[in-house]
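In what follows, chains carry the letters A, B, and so on, assigned in the order in which the sequence lines appear, proteins first and then strands, with residues in each chain numbered from 1. Because the structure is predicted, anything quoted here is derived from the model rather than measured.
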Protein chains: 4
Amino acid sequence: MPNEPSPPRRRGAVRTEALLQVTLDLAAEVGYAGLSIEAIARRAEVGKHTVYRRWPTKAALLLDALQRAWATDLDHRDTGDLRADLREQFLRSSSALTEPPIGPVYRAVIAEAQSDPAARATLHERFLRTVETSTLERVTRAQRAGELRADVDLTFAAEVLCGALYYRHLLTPRPVDEAAIDGLLDMFMAAYGSRSRTRRPDAVGG
Amino acid sequence: MPNEPSPPRRRGAVRTEALLQVTLDLAAEVGYAGLSIEAIARRAEVGKHTVYRRWPTKAALLLDALQRAWATDLDHRDTGDLRADLREQFLRSSSALTEPPIGPVYRAVIAEAQSDPAARATLHERFLRTVETSTLERVTRAQRAGELRADVDLTFAAEVLCGALYYRHLLTPRPVDEAAIDGLLDMFMAAYGSRSRTRRPDAVGG
Amino acid sequence: MPNEPSPPRRRGAVRTEALLQVTLDLAAEVGYAGLSIEAIARRAEVGKHTVYRRWPTKAALLLDALQRAWATDLDHRDTGDLRADLREQFLRSSSALTEPPIGPVYRAVIAEAQSDPAARATLHERFLRTVETSTLERVTRAQRAGELRADVDLTFAAEVLCGALYYRHLLTPRPVDEAAIDGLLDMFMAAYGSRSRTRRPDAVGG
Amino acid sequence: MPNEPSPPRRRGAVRTEALLQVTLDLAAEVGYAGLSIEAIARRAEVGKHTVYRRWPTKAALLLDALQRAWATDLDHRDTGDLRADLREQFLRSSSALTEPPIGPVYRAVIAEAQSDPAARATLHERFLRTVETSTLERVTRAQRAGELRADVDLTFAAEVLCGALYYRHLLTPRPVDEAAIDGLLDMFMAAYGSRSRTRRPDAVGG
DNA sequence: AGTTAACCGAGACGGTACGTCCTGTCTTATA
DNA sequence: TATAAGACAGGACGTACCGTCTCGGTTAACT
């Protein structure tokens with residue numbers, strides 16, 4: 001029996017990286033449906049145990065893979081024009097969530113999260129809360145700059161801004177397009193904008 | 001719900017009812033995880049084909065089961081006080097979505113919907129759009145009654161009201177409680193309420 | 001009370017014929033595997049009950065279908081040369097059993113017969129015994145004509161002649177070709193032929 | 001937290017053995033009809049895949065099970081009396097084929113073989129050919145010993161000996177009893193026995 | 001000619017088995 | 001000791017037939 005030399009086995013962190021990458025590749029190629037641990041291990045030419053050793057749950061793996069792909073710049077710009085900055089950031093996020101590999105992985109995570117409260121908490125902690133926080137910081141800066149009314153606590157407003165867009169993306173056949181974002185910002189600015197700068201009687205609604 | 005004219009298959013209809021009920025029972029007893037077609041058929045003492053004959057997909061079955069459980073009164077009250085009516089309706093919806101059997105079934109549907117665009121569209125068409133529409137009608141009435149500004153198109157606002165709450169319920173560890181609803185309504189009324197009636201300078205924010 | 005009332009109902013008889021023909025057609029087109037009652041009824045555009053009303057068992061249906069196709073001339077020729085007559089008849093039977101539709105139906109019947117002793121008995125009664133009997137008659141005639149030894153009971157010999165060929169056809173990858181038939185006849189004639197006419201020292205064996 | 005230690009999983013060859021044994025047990029207990037892969041796996045407390053991993057086909061599994069049960073001594077005795085030796089061996093084979101577990105498994109294999117030419121070939125290769133060969137060897141020895149005529153090739157004769165008995169067993173309601181075996185041997189000896197030793201004018205035929 | 005009972009297609013129904021896929025645990029052999 | 005490979009029990013998937021059972025709508029025979 002001829003012993004063919006097998007390739008050197010990569011280990012530890014390198015392996016972890018490779019697995020996450022394979023997960024993203026699979027997501028991009030075969031989508032949500034192909035994201036089984038079995039398929040990932042097969043594609044990575046890795047024993048299944050090597051996956052389970054690293055992540056206790058498919059949700060955990062997918063969350064890490066999502067993080068790896070989460071290269072989008074989360075920090076809102078601060079050009080001094082709050083509306084324009086939010087608009088630009090929301091557009092960027094929207095297209096990021098739509099395209100592979102983030103899109104399929106995100107959907108997979110959300111599906112997992114429905115049956116796993118821990119995954120749901122982690123999903124929020126590591127991704128959604130981050131988005132909310134980043135938005136909150138930007139609007140808070142705007143508030144300090146006088147763009148927004150000073151008499152309101154914006155915490156919940158930041159959640160609404162994010163939530164409305166996620167809702168549309170995940171549970172609606174409608175796209176998160178410019179019209180949607182503008183409509184949302186109209187509402188936000190109407191509610192919290194400083195009186196003098198906010199009124200745009202010709203453009204509210206949509 | 002649109003049905004074919006009138007093929008009075010009483011035999012079939014009885015089975016269909018029973019299957020939907022079993023689905024809800026399973027959801028209440030064993031939760032999301034127990035909602036396999038196999039388990040439903042087994043519990044109903046029915047051949048699997050009897051299920052597949054009626055619903056091409058688990059998502060389709062779950063959507064019908066959801067509809068069956070969806071007894072919540074969707075029509076917003078109209079006491080003349082928009083804020084109070086919305087608040088009351090949102091609280092009611094929230095508790096309906098939290099408890100079995102709607103809770104588990106809803107989550108299961110959403111999980112299915114992530115991998116099945118058709119299910120996603122149907123989910124929205126039959127449930128979320130209904131909620132949006134119902135809300136839109138109430139706020140439009142309020143607008144005509146002078147409670148809300150007359151210069152805005154409220155279509156998107158209605159989506160935001162619903163979406164923000166669904167987001168919190170489905171993707172967040174936070175509960176949809178009175179504080180959340182009040183915060184949302186503050187924002188909404190601040191944005192669109194008629195000037196004289198809306199300002200509640202002491203309570204905005206959360 | 002099975003009171004055979006009057007002349008046969010034409011409608012019924014026509015249907016029966018059609019079903020048998022469909023069975024043969026299916027056997028010829030899709031072979032053994034396609035011979036389910038379900039498929040036959042579907043192809044005949046007939047309710048399954050119409051099949052079960054006529055035949056209690058798939059085996060029963062197949063046996064009737066087999067009979068319908070069993071057009072092969074079973075009566076051995078009697079040219080005065082026993083060996084030649086048997087040879088000719090065996091060749092004819094062999095090719096009949098090999099080709100559709102008899103081939104597939106025959107195999108299907110035999111498969112059914114393995115799990116159903118009644119079907120096995122009927123199979124033998126209606127087909128195999130007929131072949132044995134027909135052969136027995138021919139060799140008995142030859143015996144009376146002096147072609148075969150007078151001091152033997154040929155009943156079992158007739159069974160062996162048939163059985164050896166069926167064995168080869170059904171359980172062996174070898175074809176029932178001229179060589180096989182000649183070999184068999186050599187053995188038979190060597191055993192039972194009258195001394196003077198039988199010895200063919202140059203041709204015995206294969 | 002130490003869970004209850006599950007019994008060490010039997011693997012590989014041991015598992016294969018167990019599965020074959022379960023197949024034979026089922027055959028003996030519930031007969032031909034109970035020999036589904038599903039039932040075998042259930043009885044063995046084994047995942048179905050564990051069966052499919054080993055045998056691509058039910059036929060393949062049954063063939064192996066048959067082999068396991070095939071303990072009958074295939075080698076013909078050689079007491080110097082060919083007729084007695086063959087008789088003894090045929091009787092032994094006959095009763096082996098009649099009783100469980102070989103009986104039901106054999107019938108199941110033959111049923112499978114009718115719809116699967118590969119199974120048919122394997123069935124012959126591994127069982128029937130073996131019987132033919134063993135018989136051929138014995139008669140060839142007898143031929144060299146002068147018991148049989150020297151001027152014949154016995155290959156086909158060996159097939160006929162086996163085939164006639166299989167035919168009777170599998171396709172006939174008649175049993176393979178002593179009379180049948182004697183009749184067959186009469187014919188064989190009449191055909192191929194050396195003249196001086198063979199003639200038994202009082203006993204030929206059945 | 002009207003009645004009526006058998007027959008019909010269509011297919012629903014509870015079952016069982018098929019063969020495939022994935023899960024999460026466990027084992028083996030290699031490096 | 002970590003690994004690649006994959007065996008393993010379990011269970012769901014969606015499909016195919018089985019043989020029984022309605023369901024209305026013909027037919028054909030006998031009033």
Side-chain angles (χ1 to χ4, degrees), chain A residues 3 5-12 15 33-42 44-58, chain B residues 7-16 33-42 44-58, chain C residues 5-7 9-12 15 33-42 44-58, chain D residues 3 5-12 14-16 33-42 44-58:
Chain A
N3 57 338
S6 51
R9 290 179 178 174
R10 291 161 297 175
R11 294 184 157 230
R15 258 274 152 280
L35 290 181
S36 65
I37 289 186
E38 193 101 15
I40 290 166
R42 201 185 308 131
E45 294 184 309
V46 140
K48 283 201 294 178
H49 190 51
T50 302
V51 179
Y52 283 106
R53 196 180 297 121
R54 289 170 165 75
W55 298 279
T57 286
K58 184 157 80 174
Chain B
R9 285 204 320 262
R10 204 155 50 84
R11 182 157 65 128
V14 172
R15 282 270 130 61
T16 303
L35 292 180
S36 66
I37 287 185
E38 192 106 12
I40 290 166
R42 202 185 307 131
E45 294 185 308
V46 141
K48 281 200 287 179
H49 188 48
T50 299
V51 179
Y52 283 108
R53 195 181 294 125
R54 290 168 164 74
W55 299 279
T57 283
K58 184 157 78 175
Chain C
S6 58
R9 297 207 172 88
R10 222 188 53 195
R11 184 154 68 124
R15 276 275 124 61
L35 290 180
S36 65
I37 288 187
E38 194 103 13
I40 290 166
R42 203 185 307 132
E45 294 185 309
V46 140
K48 283 201 292 179
H49 191 50
T50 301
V51 179
Y52 283 106
R53 195 180 296 122
R54 288 169 165 75
W55 298 278
T57 286
K58 184 157 81 173
Chain D
N3 271 347
S6 54
R9 286 184 180 174
R10 292 159 297 174
R11 299 194 141 226
V14 175
R15 185 105 296 193
T16 302
L35 290 180
S36 66
I37 289 186
E38 193 107 12
I40 290 166
R42 201 185 307 131
E45 295 184 308
V46 142
K48 280 200 289 181
H49 188 48
T50 299
V51 179
Y52 283 108
R53 195 181 296 124
R54 289 168 164 75
W55 299 279
T57 282
K58 185 157 76 175

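To the nearest 0.5 Å, atom CH2 of residue D:Trp55 and atom CD1 of residue D:Ile40 are 8.5 Å apart. Of the inter-residue distances, the one linking B:Arg42 atom CZ with B:Ile37 atom CD1 reads 12.5 Å to the nearest 0.5 angstrom.
Residues D:Thr57 and D:Tyr52 are not in side-chain contact: their nearest non-hydrogen atoms beyond the backbone lie 4.5 Å or more apart.
The shortest non-hydrogen separation linking B:Lys58 to B:Leu35 is CD-O, 3.2 Å. Looking at every heavy atom in both residues, C:Ala39 comes nearest to C:Gly34 through CB-O, 3.4 Å.
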Any protein N or O atoms within reach of nucleotides 14-17 of chain E? Criterion: under 3.5 Å, listing atom names and distances.
| residue | atom | partner | partner atom | Å |
| --- | --- | --- | --- | --- |
| E:dG14 | OP1 | B:Arg15 | NE | 3.2 |
| E:dG14 | OP2 | B:Thr50 | OG1 | 2.9 |
| E:dA17 | OP2 | D:Arg42 | NH2 | 3.0 |

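With the end axes of the helix from E:dA1-F:dT31 to E:dA31-F:dT1 each set by five pairs, the angle from one to the other reads 10° at 10° resolution.
A straight line from CD1 of A:Ile40 to P of E:dG24 spans 12 Å, rounded to a whole angstrom. Separating the OH atom of C:Tyr52 from the P atom of E:dG11 is a distance of 17 Å, rounded to the nearest angstrom.
Take B:Ala33 and apply the side-chain contact (heavy atoms from CB on, under 4.5 Å) test, not counting sequence neighbours, and it matches no residue. Remark: D:Glu38 engages D:Lys48 in a salt bridge (Lys or Arg N to Asp or Glu O under 4.0 Å) (not counting sequence neighbours).
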